[in-house]
Amino acid sequence: MNTETAFKTPSKLSEGKKSGQDSSPALITIPASPFMQKLGYGTGVNVYLMKRSPKGTSQSPWAVKKINPKCDSNQRSTYQKRLNEEAKILQHLQHPNIVGYRAFAEAKDGSMCLAMEYGGEKSLNDLIEERNSKQQGPFPAATILKVALHMARGLKYLHNDKKLLHGDIKSSNIVIKGDFESIKICDVGVSLPLDENMIVSDPEAHYIGTEPWKPKEALVEDGVISDKADIFAFGLTLWEMMTLSIPHLNLLGGDNEESDEDASFDEEDFDEDAYYAALGTRPPLNMELLGPSYQKVIELFSLCTIEDPRKRPAAAQVVVVLETEASVQ
């Protein structure tokens with residue numbers, strides 16, 4: 001394939017078209033990685049900022065996801081397959097709380113990459129780490145409830161409208177614009193199809209997730225995976241905002257005064273047996289740090305992290321409760 005070739009975006013995403021003008025798709029070219037600003041990284045991938053405003057024009061920038069060049073050939077094959085799947089899924093999603101698809105194309109360096117909408121976002125995980133480093137304490141309860149409502153709306157759309165399990169809900173897969181002006185779910189690369197009973201029944205479909213956010217049913221043999229797996233991870237994301245921590249995982253024991261940048265994993269302070277025993281359970285909260293204003297957040301977190309998935313609320317139920325709560329305030 002010619003790496004200098006410009007690729008086409010779907011016609012519905014063409015920009016700058018007016019009524020009566022040529023409706024053919026807009027042509028795009030993805031620059032090589034060194035010519036884009038690195039925004040972040042995930043498992044096997046890097047994310048870059050692609051600016052698209054030549055002199056005299058105004059076009060919104062894109063976030064471009066590419067395979068990490070340090071991956072070996074086997075890893076590249078695995079992550080490329082996930083990226084391909086994510087592109088296929090994202091093309092058919094359109095919701096204000098889901099990151100939008102822009103293009104799937106080959107960069108000038110020959111790597112395939114996924115272009116998505118970008119609006120100056122940081123991940124929720126970035127904001128948690130920043131708040132933790134400044135020792136600012138838990139996010140305000142009102143902020144957590146706002147994030148919860150927008151996440152729940154996105155999950156309701158995925159579960160009910162698209163019959164998809166996201167499969168990897170966590171703070172690093174939530175992007176935030178400005179002062180929580182917009183809240184969007186990203187990274188649908190490990191999504192799984194749900195049947196009419198909201199269950200992952202395809203024998204070829206395997207739940208991947210990220211270990212600290214996995215529900216009990218994803219950690220046992222022959223566990224039934226349903227939409228409630230996302231709800232458990234959703235609950236743990238609220239816990240992250242209250243504790244500024246990773247579920248079940250205290251990397252540094254004792255009173256360590258190192259900054260996050262200097263922090264490193266200390267095997268002597270890590271109780272591996274306790275960690276694995278805690279996976280899939282509801283992590284504890286330090287109630288002394290949380291006042292009465294957190295009551296609704298704590299109640300929602302507790303409901304969503306019940307070990308029995310049948311007792312967890314559906315995303316649609318969470319939306320109803322939170323929208324009612326918001327309308328009363």
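The structure presented is a predicted model; accordingly, all values stated were derived computationally and were not measured.
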Quick one: closest heavy-atom pair of [X] and [Y], and the distance?
X: Val297; Y: Ala141; value: CG2-O, 3.8 Å
X: Met116; Y: Leu90; value: CG-CD2, 3.8 Å
X: Leu244; Y: Gly137; value: CD1-O, 3.4 Å
X: Leu93; Y: Leu158; value: CD1-CD2, 3.8 Å
X: Ile183; Y: Val147; value: CD1-CA, 3.8 Å
X: Ala148; Y: Leu300; value: CB-CD2, 4.1 Å

A quick test of your reading: do over 12 heavy atoms of other residues, nucleotides or ligands sit less than 6.0 Å from [atom1] of [X]?
X: Lys170; atom1: NZ; answer: yes
X: Gln136; atom1: CD; answer: yes
X: Lys146; atom1: NZ; answer: yes

Under 3.5 Å donor-acceptor, [X] side chain and [Y] backbone:
X: Thr281; Y: Ala277; result: no
X: Ser123; Y: Asp126; result: yes
X: Lys184; Y: Ile176; result: no
X: Asn197; Y: Ile199; result: no
X: Trp239; Y: Pro284; result: yes

Establish whether [X] and [Y] are linked, either directly or via other cluster members, by ILVMFWY side-chain heavy-atom contacts under 4.5 Å.
X: Tyr101; Y: Val175; result: yes
X: Val220; Y: Leu192; result: no
X: Ile231; Y: Val200; result: no
X: Ile98; Y: Met151; result: yes
X: Met287; Y: Leu289; result: no

message = Enumerate the ring-ring contact (aromatic ring centres under 6.0 Å, His included) contacts for residues 274-293, please, sequence neighbours excluded, ordered by first and then second residue.
response =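 Checked against ring-ring contact (aromatic ring centres under 6.0 Å, His included) - neighbours excluded - the pairs reaching residues 274-293 are Phe270-Tyr275.
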task = Keeping to residues at least two apart or across chains, list the ring-ring contact (aromatic ring centres under 6.0 Å, His included) pairs with something in residues 132-172.
result =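 Qualifying pairs, neighbours excluded: His95-Tyr157.
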key: From CA spacing to verdict: salt bridge (charged side-chain N to carboxylate O under 4.0 Å, His left out), Glu211, Lys214   = CA-CA 5 Å; Glu211 195 170 70; Lys214 282 186 176 182; 5.8 Å; no
How far does [atom1] of [X] sit from [atom2] of [Y], to the nearest 0.5 angstrom?
X: Met198; Y: Leu165; atom1: CE; atom2: CG; result: 10.5 Å
X: Glu240; Y: Ser171; atom1: CD; atom2: OG; result: 3.5 Å
X: Leu219; Y: Tyr207; atom1: CG; atom2: OH; result: 8.5 Å
X: Leu124; Y: Ile144; atom1: CG; atom2: CD1; result: 9.5 Å
X: Leu164; Y: His92; atom1: CG; atom2: NE2; result: 10.5 Å
X: Tyr118; Y: Arg102; atom1: OH; atom2: CZ; result: 14.0 Å

message = Set out, in order, the CA-CA distance, both residues' side-chain angles and the distance that settles side-chain contact (heavy atoms from CB on, under 4.5 Å) for Leu145 and Leu322, then state yes or no.
response = CA-CA 7 Å; Leu145 289 173; Leu322 292 178; 3.9 Å; yes
query = Are Arg153 and Glu323 close enough, and set up right, to give a side-chain contact (heavy atoms from CB on, under 4.5 Å), and what steps lead you there?
reply = CA-CA 10 Å; Arg153 286 171 174 165; Glu323 286 183 340; 3.1 Å; yes
What I'd like to find out is whether the side chain of [X] reaches to under 4.5 Å of the side chain of [Y], using heavy atoms alone.
X: Leu290; Y: Pro138; value: yes
X: Asp168; Y: Ile208; value: no
X: Phe232; Y: Pro309; value: no
X: Ile185; Y: Ile169; value: yes
X: Phe301; Y: Leu285; value: yes
X: Leu155; Y: Phe234; value: yes
X: Met242; Y: Ile298; value: yes

message = My understanding is that only one of Arg282, Lys228, Lys216 makes a side-chain contact (heavy atoms from CB on, under 4.5 Å) with Ile306; could you say which?
response =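 In the set Arg282, Lys228, Lys216, the residue that makes a side-chain contact (heavy atoms from CB on, under 4.5 Å) with Ile306 is Arg282.
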query = Hey, mind stepping through Lys163 and Glu196 against salt bridge (charged side-chain N to carboxylate O under 4.0 Å, His left out) and telling me if it holds?
reply = CA-CA 8 Å; Lys163 289 295 187 287; Glu196 64 277 6; over 6 Å; no
message = Check Glu85 with Lys88, please: is the shortest side-chain N to carboxylate O separation under 4.0 Å?
response =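 So Lys88 pairs with Glu85 through a salt bridge.
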query = Where do Arg312 and Glu217 land on the salt bridge (charged side-chain N to carboxylate O under 4.0 Å, His left out) test, with the steps shown first?
reply = CA-CA 13 Å; Arg312 297 174 207 149; Glu217 62 267 24; 2.8 Å; yes
task = Quick one: do Glu86 and Val188 satisfy side-chain contact (heavy atoms from CB on, under 4.5 Å)? Show the steps, please.
result = CA-CA 6 Å; Glu86 183 174 8; Val188 295; 3.7 Å; yes
task = Take Asp227 and Leu194 through the side-chain contact (heavy atoms from CB on, under 4.5 Å) test and state the conclusion after the steps.
result = CA-CA 7 Å; Asp227 60 318; Leu194 295 167; 4.1 Å; yes
